[in-house]
Amino acid sequence: MLFNITLFLYLAATIGYISYLITLKKPISTASTLTLVVSFILHAAAITVRYPELGHPPFLGIETLSFLAWTIVGIYLLVEWRYKVYVLGSIVSPLAFILLLLTIIIPEGEIHVPPYLRSVWFPLHVGFAFLGNAIFSLAFAAGVMYLIQEKQVKGHHLGGIYKRLPSLEVLDEINYMCLAIGFPLMTIGIITGFAWAKSAWGTFWVVNPRAISSLVTWLLYATLLYGRSTVGWRGRRAAVLAITGFLIMIATYFAINFILGGHAVK
Amino acid sequence: MNIIVVGLNHKTAPVEIREKISFQSQIMEDAHRKLLETPGVTEGMILSTCNRVEVYSCVDDIESGIREVKGFLSAFHNLPLERFEEHLFVCFAEEALRHLFRVASSLDSMVVGEPQILGQLKDAYQNSCKYKAAGIILNKLLHRAFSVAKRVRTETRIASSAVSISYAAVELAKKIFGSLEGKVVMLVGAGEMCELAAKHFINSGIKDIYVTNRTLERAEKLAEEFKGTPVNFNEFHRFLPKIDIVLSSTGAPHYIIKPEDVTEALRARKQKPMFFIDIAVPRDIDPKVNDIDNVYLYDIDDMQGVIEANVKGRSKEAEKAEGIIAEELTGFIHWLKTLDLTPTIVGMRERAEEIRKLELDKALAYLNEISPAQVKVLESMTSSIVNKLLHHPIVALKTHAKDHYRDMYLEVARNMFNLVEKEKEEPEEALEG
């Protein structure tokens, strides 16, 4: 029930943010933000209520999508509060809506919680990884907007899109902030992952597609962060790398969860 | 009373001459005093900007007035007249009025429609008032000029083109840099348009301005105006790493900023974005600069393109503006003509006679048993009252008709005797800064 109300509110927020994008009327964006804040709180309540029912943290199976949506919305609300970038809401709220819709309509399979997931490292590992992912998905959205806006400004087409998108500097700064916050979280996620692997299998490194892809993404973000702080990789290049990183992450997620059938497959 | 303009501007004189004849603000008091001491000059105003030096004066006689004002310019600047006379332009009567109205409406500006000139004209008028050089004619004339400028600004879209270029530049900069707080602007060359854009940038929070120009003095002068830093033209490239926004408008025949200059600057500033606005024709900045990452280059056509949709049919707007000026001109000339002695005295007499007749007829209507001789007595008595009442005012008018206060006395008399034509008087526009 709570999930359904949340879903409905995400839809309302989506409509709100998109009408703001079209009309650029301030009251509409305020109303949309309020809607999204309420959805975020309800969503948190829904997840908490569901927890004992599930008997495991919401990091397994289809539940992950709902949890991901919740983290993305949370991070987005912070970004919106800090940078006043309301147009990102028109990407984030439909994304949250779709993720939650998938959670609700896809039937929950029989989740068998294997003993190796009962380690205390598991929720820590997944929690940090999720926060990192949520932040990187915002970097992705900001990156896409950056590329579009850059094309407008460089090409001297200053039409409706140009008017609606935020400034290049703000988009680049969001990208950088996401990287600067997301990267340490991801690193902690990976380290706790090692700890978990150690406690579950007695070894720090388990070779599986998930771990490998995580490492590749981690290296990519590390390179970007390094390039940024030393020679000033910014703007276009930073946007492209953030987009690439996110796409690898998404591809891995879907490949593992829906094709290979699970994370820590041996 | 005659109005004349003697001066030079960007159309008649190169900058080397203009700067020799220009009047800095600290010498304005002295200049106005000397101008008023010039024989035949009753009122005066000096408009001195980087693009024009124009002396507006009211003189008794046009020919000698022009000669005297030219002499004033030469004597004041200690420069033989032959050195600059060929660059002077002169206009008088209706043409002088039209010229002022066109200047005020920014139709005479280098960048037609730029709004700065109106402010400069208001300053010039305020100086003239402060130093008691403006009398009734210049007062009325300048207020009329301001209201013409206002009409042109509101009724035509002539102003929107120039303003919108610098407005668009600021808006673009905001889309690139977010906030402009703490950003650094460099003016390369010092055209009117660049100055205008610089003003807009300052209003949007830019504090740091560098100015470079082929002649360093000009750069220094402009830098002073914007509280910026002058930079030697030969080494302005060294400063590029510090600069976020470059406004370029030199008269250079070839590119003065090349892609390699920009790449180098970018490396030094760790790829922080740069925004180049090239208003020069021919262009100052190699268009290939726009291909560099984190660099955005707009030339004058790109800027025009940005605002094209908003401003269509510029020439039609100019035509409309000239129409407004012609209309206002007729009204003003009409007023000017009434400021003559004879029509004023005739008018006063007529007005008095009118009243006398009216009142006498009323009185006679009451007195039915009255002889023609008695009527005659009444007639001559009333006439003599009227004449005696009018005597002193008329003598005063005639006395002052030869001095400085002539126009003021005439205007007052016309008002007191209600001789002011029922011309629709718009409220005079207050001086805004």
Side-chain angles (χ1 to χ4, degrees), chain A residues 24 79-88 142-143 145-180 223-243, chain B residues 164-165 167-184 204-205 241 244-245 259 262-278 283 285 287-311:
Chain A
L24 295 179
V79 169
E80 187 193 283
W81 172 71
R82 169 77 177 76
Y83 294 104
K84 313 275 172 265
V85 181
Y86 303 99
V87 273
L88 268 181
M145 284 194 172
Y146 184 95
L147 291 186
I148 297 173
Q149 183 69 308
E150 200 223 16
K151 192 160 188 268
Q152 310 298 310
V153 177
K154 255 222 197 288
H156 312 142
H157 308 297
L158 308 185
I161 303 174
Y162 159 81
K163 225 185 289 168
R164 284 170 172 78
L165 290 182
S167 70
L168 291 170
E169 179 78 14
V170 162
L171 290 171
D172 189 52
E173 208 179 313
I174 292 176
N175 186 322
Y176 179 59
M177 285 300 285
C178 289
L179 189 64
T223 320
L224 175 54
L225 203 56
Y226 176 77
R228 177 142 205 152
S229 50
T230 53
V231 284
W233 283 4
R234 48 158 58 235
R236 195 185 162 71
R237 194 187 298 237
V240 169
L241 285 177
I243 292 170
Chain B
S164 51
I165 287 187
Y167 177 79
V170 170
E171 288 304 296
L172 260 167
K174 282 188 185 157
K175 280 289 185 188
I176 294 168
F177 299 109
S179 155
L180 296 186
E181 207 82 18
K183 294 289 177 284
V184 185
S204 325
D244 300 294
I245 300 163
V262 178
T263 321
E264 203 176 303
L266 272 180
R267 202 173 305 131
R269 54 191 270 117
K270 279 199 181 177
Q271 309 293 320
K272 277 200 291 176
M274 292 180 87
F275 179 26
F276 290 86
I277 306 159
D278 183 0
R283 285 174 298 180
I285 304 174
K288 286 199 205 85
V289 164
N290 195 41
D291 299 336
I292 303 171
D293 251 1
N294 296 316
V295 176
Y296 307 93
L297 166 66
Y298 277 71
D299 65 26
I300 184 79
D301 283 355
D302 299 327
M303 296 304 286
Q304 284 297 0
V306 169
I307 52 170
E308 198 87 302
N310 307 331
V311 187

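What you see is a predicted model, and the numbers here were worked out from it, not measured in a lab. Below, chain A is the first sequence line, B the second, and so on; all start at residue 1.
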Practice item. Output all residues satisfying salt bridge (charged side-chain N to carboxylate O under 4.0 Å, His left out) with B/Lys174, sequence neighbours left out; order by chain, then residue number. Key: B/Glu171
Review point. Can you name the salt bridge (charged side-chain N to carboxylate O under 4.0 Å, His left out) partners of A/Arg82, sequence neighbours left out?
Key: A/Glu173
Check your understanding: With a 4.5 angstrom heavy-atom cut-off, which part of A/Tyr83 approaches chain B: side chain, backbone, both or neither?
Key -> neither
Practice item. Name the region of B/Leu266, side chain, backbone, both or neither, that has any atom closer than 4.5 Å to a heavy atom of chain A. Key: neither
Review point. When rounded to the nearest 0.5 angstrom, what is the spacing between CG in A/Leu168 and CG in B/Leu172?
Key: 10.0 Å
Point to revise | Distance (rounded to the nearest 0.5 Å) between B/Ile176 CD1 and A/Gln149 CD | key: 9.0 Å
Exercise for review: Tell me, out of A/Asp172, A/Val153, A/Leu171, A/Val170, who's got the most heavy-atom pairs with chain B below 4.5 Å.
Suggested key: A/Val153
Check your understanding: How far apart are the closest heavy atoms of A/Ser167 and B/Gly178, and which atoms are they?
Key -> OG-CA, 3.2 Å
Exercise for review: Locate the shortest heavy-atom distance separating B/Asn294 from A/Lys154; write the atom from each residue and the value.
Suggested key: N-NZ, 4.5 Å
Study note, to complete from the structure: Counting heavy-atom pairs under 4.5 Å with chain A, the top scorer among B/Gln271, B/Lys270, B/Lys175 is B/Lys175
Practice item. Verify side-chain contact (heavy atoms from CB on, under 4.5 Å) between B/Asp293 and A/Glu150, making sure each step is shown before the conclusion. Key: CA-CA 10 Å; B/Asp293 251 1; A/Glu150 200 223 16; 4.1 Å; yes
**Study point:** Sequence-distant partners of A/Ile161, side-chain contact (heavy atoms from CB on, under 4.5 Å), two or more places apart
**Key:** A/Ile148, A/Gln152, A/Leu165
Study note, to complete from the structure: Filtered by a 4.5 Å non-hydrogen cutoff, the part of residues 227-234 of chain A contacting chain B is A/Ser229, A/Thr230, A/Val231, A/Gly232, A/Arg234
Review point. What do you reckon, is OH of A/Tyr176 surrounded by more than 12 foreign heavy atoms closer than 6.0 Å?
Key: no
